[in-house]
Amino acid sequence: MPELPEVENVRRGLEQLVVGKTVQAIEIRWSKIISNPDDVFVEGLVGRQIIGVDRRGKYLLIRFDQNLTVVSHLRMEGKYEVDDQSVPMTKHTHVIWTFTDGQQLRYLDSRKFGRMLLIETGQENTVSGLKDLGVEPTPTTFKKTAFYQALQKHKKAIKPLLLDQKIVTGLGNIYVDETLWLSQIHPETPANLLTKAETDRLHDEIITELELATNNGGTTVNTFLNAAGHAGAFQDMLHVYGKKGQPCDRCQTPIEKIKVAQRGTHFCPRCQIKREAVQ
DNA sequence: GATGTATCCTGAATGC
DNA sequence: TGCATTCAGGATACAT
């Protein structure tokens, strides 16, 4: 599933492959992917030139001339491919952008969870999901004290709090499990019970882990590929995600898998001790 | 406002 | 072998 490192790698791929191209036609095969009416999306973009590809959290922002932006979220299985028109269309291709040079940008999504929305550039803060995003997990934007203060306001478990993108953006199920293991914090720990030292360590691990994953091309679990068709290499560096029953890299205790906020959650029962809320 | 849960969707894994 | 069921999960809408 694409998280920040994967989306950043998709962004870099698209930047190389589609910037400068002009849209000649768009075919929408599954309307639910597009949040606008189909005709608004198609008529708004035909004739437009792609001038850049940005990213905010897990959202791709494909910039067009005449002040237009397509906000694209890949959700679980979304991926982009750039192919020549002669390449046969594969299953699960839902949106096809044909450029004036004959190439196509194809959006594939086996679960049809991904979404795209055409907006005016600069209106990003009106888009639900985008407008409430927390800070990017970089040293310049993600600060220890603010992180600690934000966590102190919440009694709910740290894992779903990190997943909801409002405090810090970019983490998904894989990297939440990984950073909590690295920080030796149980995923069900109430956020306001974490000490300053624990949140400082978690803060550092989030920055380090996402940077490391990004530089390794992201994590390939099942089907993620970047726009150039390259698989990530980071899945070989995971410690707990998908490691149920395997020995913990730190203490050799078998990794356990539980459900936290409806999400499969991997942790070491010895390194990550559960703490209950004080009544 | 904060928190919890059902929903979307389909392929893979599992059970019988 | 083949069919039925369960599981996976990001973001959102809705319920409490």
What residue pairs, at least two apart or across chains, pass side-chain hydrogen bond (donor to acceptor under 3.5 Å, both in side chains) with a residue in residues 30-53 of chain A? Ser31(A)-Asp38(A), Arg48(A)-Asp65(A)
Residues in contact with DNA chain C, drawn from residues 256-268 of chain A - heavy-atom cutoff 4.0 Å: Lys257(A), Lys259(A), Arg263(A), Gly264(A)
Which parts of residues 120-129 of chain A get close to DNA chain C, meaning a heavy atom less than 4.0 angstrom away? Ser128(A), Gly129(A)
Tell me, please, which residues at least two apart from Asp249(A) pass salt bridge (charged side-chain N to carboxylate O under 4.0 Å, His left out). none
Non-neighbouring partners of Glu211(A) that pass salt bridge (charged side-chain N to carboxylate O under 4.0 Å, His left out), sequence neighbours left out: none
Could you say whether Phe113(A) or Lys153(A) is positioned toward the 5' end of DNA chain B, judged by the nucleotide with the nearest heavy atom to each? Lys153(A)
Pair up each side-chain donor or acceptor in residues 89-97 of chain A with any protein partner under 3.5 Å, not counting sequence neighbours, and list the distances.
| residue | atom | partner | partner atom | Å |
| --- | --- | --- | --- | --- |
| Thr93(A) | OG1 | Thr90(A) | O | 2.7 |
| His94(A) | NE2 | His92(A) | O | 3.3 |
| His94(A) | NE2 | Asp109(A) | O | 2.7 |

Which nucleotide span of DNA chain C, 5' end to 3' end, has atoms closer than 4.0 Å to non-hydrogen atoms of chain A? dA8(C) to dT12(C)
Span of DNA chain B engaged by chain A, first through last nucleotide within the 4.0 Å heavy-atom cut-off, is dT3(B) to dG11(B)
Any idea which heavy atoms bring [X] and [Y] closest together, and the distance?
{"X": "Thr253(A)", "Y": "Pro269(A)", "value": "CG2-CG, 3.8 Å"}
{"X": "Ile167(A)", "Y": "His154(A)", "value": "CD1-CD2, 4.3 Å"}
{"X": "Ala157(A)", "Y": "Pro187(A)", "value": "CB-O, 3.6 Å"}
{"X": "Lys243(A)", "Y": "Leu238(A)", "value": "CE-O, 3.3 Å"}

Over 60° means perpendicular and under 30° means parallel, so classify the ring planes of His203(A) and Phe142(A), tilted if in between. tilted
Under 3.5 Å, is there a donor on one side chain and an acceptor on the other for Tyr107(A) and Ser72(A)? no
Please walk me through it: do Leu202(A) and Leu180(A) pass side-chain contact (heavy atoms from CB on, under 4.5 Å)? CA-CA 7 Å; Leu202(A) 179 57; Leu180(A) 289 174; 4.0 Å; yes
Under 4.5 Å between side-chain heavy atoms, counting indirect links through other Ile/Leu/Val/Met/Phe/Trp/Tyr residues: same cluster for Leu68(A) and Ile33(A) or not? yes
Output a table of donor-acceptor pairs, distance under 3.5 Å, between side-chain atoms of residues 17-28 of chain A and any protein atom two or more places apart or on a different chain; print 'none' if there are none.
| residue | atom | partner | partner atom | Å |
| --- | --- | --- | --- | --- |
| Lys21(A) | NZ | Asp101(A) | OD2 | 2.5 |
| Lys21(A) | NZ | Gln103(A) | OE1 | 2.9 |
| Glu27(A) | OE2 | Arg29(A) | NE | 3.0 |

Looking at residues 27-38 of chain A, who's got a heavy atom less than 4.0 Å off DNA chain B? Trp30(A), Lys32(A)
Taking only Lys NZ, Arg NE, NH1 and NH2, and the carboxylate oxygens of Asp or Glu, determine whether Arg12(A) and Glu15(A) approach each other closer than 4.0 Å. no
Go through the steps to decide whether Leu61(A) and Leu130(A) satisfy the test side-chain contact (heavy atoms from CB on, under 4.5 Å), and finish with yes or no. CA-CA 11 Å; Leu61(A) 304 170; Leu130(A) 261 182; 4.1 Å; yes
Report which part of the nucleic acid Lys166(A) touches: base, sugar-phosphate, or nothing (heavy-atom distance under 4.0 Å, all strands). nothing
Yes or no on side-chain contact (heavy atoms from CB on, under 4.5 Å) for Phe113(A) and Glu77(A), after CA distance, side-chain angles and deciding distance? CA-CA 7 Å; Phe113(A) 273 15; Glu77(A) 304 280 352; over 6 Å; no
Axis-to-axis angle across the helix from dA2(B)-dT16(C) to dC16(B)-dG2(C), five pairs each end, nearest 10 degrees, ~ 50°
Does anything in residues 182-196 of chain A form a salt bridge (Lys or Arg N to Asp or Glu O under 4.0 Å)? List the pairs, not counting sequence neighbours. Glu188(A)-Lys274(A), Lys196(A)-Asp200(A)
